[in-house]
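Single-structure report; data block below.
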Amino acid sequence: MTETNAPQKRSVPLWAQVTIWVVLVGLLALVGFGLNRASNPMAEIGKPVPDFDLVYFEGYEYNETKEMKLSDLQGKIVVINIWASWCKPCEQEAPDLEEAWQLYKDSDDVVFIGVDYVDTPEGAFGYLKKFGISFPNAPDLQSNISSILNRQMGVPETYLIDREGVLRQIKIGPFSSVAEIQAFIANAE
Amino acid sequence: MRTKKLLITNTWFLAIALVLVLTGLFYQTASAQDTAPTDDEVNAIAKQLFCPVCENTPLDVCPTEACRQWRELIRQMLAEGKTEQEIKDYFVANYGARVLSEPPRTGFNWLVYLVPPVLILAGAFALFNAFKEWTKPKSAEAGSGQGEEAGSSSDEDDYIQRLEEELKNRK
């Protein structure tokens, strides 16, 4: 009785249903493919760091080499410090980093590399000059390096890579002394 | 007499040279000031860019020191004769495409421009069909279901009649 009184539902034609599903699945596939292509490989502690390019600031090259890859430094302990001129905690550790670099630079076993994260040229060079930084420094072009290193919180952050190119430790925030930097580097031995 | 004439000539020569040099310097300064990019010209480009640090803030209204330096960089590049596109390319090369207020019309970014109009068109088509369906059954029922409707109205009349009788009986 009730069945006969109920209004008859008109179903969406099959061709329309198929078209809608094809379009939706196609869009999802496109978005997924795009996201997959855009995502960088990321570093993890205990695993080799994916390779990336370094294009040094003029006057802050490594052994007078303007461009190089991280893999070119295999066999050395690499300390990568991410900083920015607008970052106040970075200023706190800058003199200590330079002092520590002076202790290691002649050994040619440990390399310090500063990576300037999202900065202006004026700000970057002003900062390097202000703190008398002499170790190699490069801009983080398109935030590619910090993205590969899987930057955790912000700046400063420091990454320790051992002689085999494996990420050993991450320091989030500024170092408070030269001794702390030395202890950090000792973890790569 | 001849020496005096020579001295006067030299003095005149020096005076003219000095005037020429000063005029040249003045013209150079004045023309440099004339070609210096205005704040409006700088902001016209800055508003198409976003602050790379403080996300979601257009560069022309961003109050931080870093943004001021970026605006000065735009001014400097304009003064060097760089075009709007060259300046935007520089920012993209350094800070990534995320600094652009509009995604570049390349690769997968086309989805941003194509998907919304396609969805709007699909929605409009679906609505059009739905309206058509909502109006169609009424006219169809009006033609085919007359007996049914008559039946239901007579049922209703009986009910009303009974209700009125009951009310009368109560009175």
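Note on naming: letters A, B, ... go to the chains in the order of the sequence lines (proteins, then strands), and numbering restarts at 1 for each one. Note: hydrogens, waters and symmetry copies are ignored here, and every other heavy atom, side chains too, is used.
- Residues A/I148 and A/I172 are members of one and the same hydrophobic cluster, defined by side-chain heavy-atom contacts under 4.5 angstrom among Ile, Leu, Val, Met, Phe, Trp and Tyr.
- Using a 4.5 Å cut-off between non-hydrogen atoms, the part of residues 122-133 of chain A that approaches chain B consists of A/E122, A/G123.
- Taking chain A as the reference chain and counting heavy-atom pairs below 4.5 Å, the highest number among B/A97, B/A126, B/A93, B/G107 is found for B/A93.
- Residues B/L73 and A/P121 come closest through the heavy atom pair CD2-CD, 4.0 Å.
- Residues B/L119 and A/I20 do not share a hydrophobic cluster, defined by chaining ILVMFWY side chains whose heavy atoms lie under 4.5 Å apart.
- Using a 4.5 Å heavy-atom threshold, the side chains of B/V53 and A/W86 count as touching.
- Heavy atoms closer than 4.5 Å to chain A are found in both the backbone and the side chain of B/V92.
- Enclosure of atom NZ in A/K66 by more than 12 non-hydrogen atoms of other residues, nucleotides or ligands within 6.0 angstrom is indicated.
- In the hydrophobic clustering of this structure, A/L54 groups with A/I80; members are Ile, Leu, Val, Met, Phe, Trp, Tyr whose side-chain heavy atoms approach within less than 4.5 Å, directly or through other members.
- Around the CD atom of B/E166, the shell of radius 6.0 Å holds no more than 12 heavy atoms that belong to other residues, nucleotides or ligands.
- Follow the hydrophobic side-chain contacts under 4.5 Å out from B/M77 and you reach B/I45 in the same cluster.
- Only the side chain of B/F125 comes within contact range of chain A, with heavy atoms under 4.5 Å apart.
- Residue B/Q69 touches chain A through both its backbone and its side chain, counting heavy-atom pairs closer than 4.5 Å.
- More than 12 heavy atoms of other residues, nucleotides or ligands lie within 6.0 Å of CD in B/E80, so this atom counts as buried by the packing criterion.
- For a residue to count as touching a neighbouring chain, one of its non-hydrogen atoms must lie under 4.5 Å from one of that chain's; by this rule A/L27 touches chain B with the side chain only.
- To the nearest 0.5 Å, atoms OH (B/Y95) and CG (A/D140) are separated by 11.0 Å.
- Minimum heavy-atom separation, A/S143 to B/R98: OG-NH2, 3.4 Å.
- Hydrophobic clustering places B/V115 together with A/L30 (ILVMFWY residues linked when any side-chain heavy atoms are closer than 4.5 Å, directly or through intermediates).
- Among residue pairs with one or both ends in residues 139-165 of chain A, none qualify as ring-ring contact (aromatic ring centres under 6.0 Å, His included); sequence neighbours excluded.
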